[in-house]
Participant: 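What follows is a single structure, and I will ask about it in a moment.
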2 protein chains.
Amino acid sequence: MLKATNRLGSLGRREQNKIDTRRAIADAAFDLARNVGPGAFTVDQITERAGVSRRTFFNYFPSAQDALTVRMDLFIDRILSTFERLPRDEPLFDTIIRAFAETTGMEGLSQHGELFRMADADPDLLRAQLHSWERAEARIAEALRIRFGSTASQLYLTALVGCVMSCTKTAMRDWAVHTPASAPDSGKQLEARILAVLTMLRDGFADPGLRIAPDPPDPGS
Amino acid sequence: MLKATNRLGSLGRREQNKIDTRRAIADAAFDLARNVGPGAFTVDQITERAGVSRRTFFNYFPSAQDALTVRMDLFIDRILSTFERLPRDEPLFDTIIRAFAETTGMEGLSQHGELFRMADADPDLLRAQLHSWERAEARIAEALRIRFGSTASQLYLTALVGCVMSCTKTAMRDWAVHTPASAPDSGKQLEARILAVLTMLRDGFADPGLRIAPDPPDPGS
DNA sequence: GACAAATTTTGCACACCGTGCAACAAGAGT
DNA sequence: ACTCTTGTTGCACGGTGTGCAAAATTTGTC
């Protein structure tokens, strides 16, 4: 007999409510961080905005900072799904580069940059973000292990993923710093940087002269 | 009038007391983490062991976990001082590899491994450690910038340092996992891993077959 | 040694955090 | 409508991190 219970696009009320609540909390947290500054608000303020109880907040996130890393986790989701879609006979490094470069078209990219900049002012937020990257590393490494586990050693795969993630992080930081407002070519700017650093990585950092933009040789800051 | 006040090897009472207090706190925290488990003790327990007041603890460390990253910061000190000592006309990558490889002879290396393993059980400790690595990255990048700032772009240097740190982290994790007890050749084990991953990095991860231990070789690709 | 200045330690208060628990509410299945 | 399952809420409680001002300690000077 057919299940006709799904009234909400293949999702039950329960699932949908949870998604909504989670989003409401994350949005409230982001708004607060943007307005009063990261680390300058309490959980109670978040729950008030989101319209949930204090206790419910902690059912979703272990800390206020963790509510601000949702977007980064979504970023990883995107990388992984892009990764799954790419041809399996492509060289490993090409696949990785494409998977990472293609993510720069995602929505809310400028918010990403904002969050990066916020981390400078709030150590706890920085830690939460680093933890998020760490989880991402583990997830991607696992995906690679499943796909290439037979042809590459564990140490090789984890080291490679670590470097790729580190390079991407560096690229995003540099982008977040040098692309302050939401420039129209923001995505392109980020993509160029990611390509640049991943190319450096593939070349074993042999050429120190690679530059992303004609930068006047920084006179001692 | 001559200063005859320094009775303690070029250090005043004040400086020495602070060093002692800091060490007492860090030791107490490490002992507790080792005995009752990371994240399973309170700040009050630390202060009781260390013989200081609760308030004093927070004058030295912002959280209990941060008292456990002192050793990692010392590790970075060692890398940096080794780095300073190496010849300045050596190729950049060689200098880096040597600076990192030479640190494996440091005292308390096994405690390092212990701390790595502890991070699996305590998310907050993991975050503190990630933060510690992050600070280390910044310090080393700055040292490199001063030394090579004229011949390499900022993006290149930060990306390179990030990858080197990431590789070292990977090597130390793998070492911490696979060298459980304090093996007699613990330092050599770690050094071999660091050399392996940094070599991979220098080769642009071209050869997936590099292995640290004889594993069923699969000369694929 | 006594005194004053500088610095560190300490106790205290207070707002906030994070979690176990049990009552309650709401969706799912019949 | 009834029951089962799952999510929300209020409450209580121990722990955290910090500002503040009063001791306590070190340092320099006479």
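Nothing here was measured: the structure is a model prediction, and the numbers come from that model. Letters A, B, ... mirror the listed sequences (proteins, then strands); counts begin at 1.
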Participant: For a quick check of understanding: with a heavy-atom distance under 4.0 Å over all strands, which category does A:F57 fall into, base, sugar-phosphate or nothing?
Facilitator: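 Counting heavy atoms under 4.0 Å across all strands, no contact is made by A:F57.
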Participant: Once you apply a heavy-atom cut-off of 4.0 Å, does B:N17 come out as touching a base, just sugar-phosphate, or nothing?
Facilitator: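 Answer is sugar-phosphate: B:N17 comes under 4.0 Å of backbone atoms only.
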Participant: Kindly point out which of C:dT10, D:dT18, C:dA28 is positioned nearest to the side chain of B:V52?
Facilitator: C:dT10
Participant: Tell me: CZ of B:F41 to C1' of D:dG14, nearest whole Å?
Facilitator: 16 Å
Participant: Quick one: on DNA chain D, does B:V43 or A:G51 contact a more 5' nucleotide (nearest heavy atom)?
Facilitator: A:G51
Participant: Between C:dT19, C:dG27, D:dT26, which one does the side chain of B:R13 approach most closely?
Facilitator: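 Nearest to the side chain of B:R13 among the choices is D:dT26.
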Participant: Could you state the CD1-P distance from A:I25 to D:dG7, rounded to the nearest angstrom?
Facilitator: 14 Å
Participant: Measuring to OP1 and OP2 of D:dT9, would you say a side-chain N or O of A:T56 lies under 4.0 angstrom away?
Facilitator: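 For D:dT9, OP1 or OP2 has a side-chain N or O of A:T56 closer than 4.0 Å.
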Participant: When rounded to the nearest 0.5 angstrom, what distance separates OH in A:Y156 from CE in B:M200?
Facilitator: 8.0 Å
Participant: Between D:dG7 atom P and A:Y60 atom OH, what is the distance in whole Å?
Facilitator: 8 Å
Participant: What contact category does B:T42 fall into here, base, sugar-phosphate, or nothing, at under 4.0 angstrom with non-hydrogen atoms?
Facilitator: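 It contacts sugar-phosphate atoms only.
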Participant: In whole Å, what is the span from the CD atom of A:Q45 to the C1' atom of C:dC17?
Facilitator: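 Distance check: A:Q45 CD to C:dC17 C1' gives 14 Å.
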Participant: I want to confirm an ordering. Mapping A:N59 and B:D44 to their closest nucleotides on DNA chain D, which one lands closer to the 5' end?
Facilitator: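 The 5'-side residue here is A:N59.
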Participant: Relative to B:F41, does B:R49 satisfy both conditions: NZ or CZ under 6.0 angstrom from the six-membered ring centre, and within 45 degrees of the ring's axis?
Facilitator: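 Judged by the rule (NZ or CZ under 6.0 Å from the ring centre, within 45° of its axis), B:R49 is not positioned above B:F41.
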Participant: With a 3.5 Å distance limit and no angle check, can you tell me whether B:Q65 reaches the backbone of B:D122 through a side-chain donor-acceptor pair?
Facilitator: no
Participant: When only distance counts, do a donor and an acceptor, one from the side chain of B:R55 and one from the base of D:dG17, lie under 3.5 Å apart?
Facilitator: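 No, no donor-acceptor pair under 3.5 Å.
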Participant: Which of these passes salt bridge (charged side-chain N to carboxylate O under 4.0 Å, His left out) with B:R71: B:D27, B:D77, B:D66?
Facilitator: B:D27
Participant: Given atom CZ of B:R54 and atom C1' of D:dG19, what is their separation to the nearest angstrom?
Facilitator: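 So the CZ-C1' distance, B:R54 to D:dG19, works out to 13 Å.
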Participant: Roughly, in whole Å, what's the span from CD in A:Q65 to P in D:dT16?
Facilitator: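 So the two atoms are 17 Å apart, to the nearest Å.
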Participant: Is there a donor and acceptor pair, one atom on the side chain of A:R14 and one on the base of C:dG27, closer than 3.5 Å?
Facilitator: yes
Participant: Please report the distance, rounded to the nearest Å, between CG in B:D20 and P in C:dT8.
Facilitator: 14 Å
Participant: Write down the distance between CZ (B:R22) and C1' (C:dT8), rounded to a whole number of angstrom.
Facilitator: 15 Å
Participant: Would you mind telling me which of A:L130, A:D174, A:V164 makes a side chain to side chain contact (heavy atoms under 4.5 Å, CB included) with A:K169?
Facilitator: A:L130
Participant: A:F61 near the nucleic acid: base, sugar-phosphate alone, or nothing, with a heavy-atom cut-off under 4.0 Å?
Facilitator: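 The residue A:F61 makes no contact with any strand.
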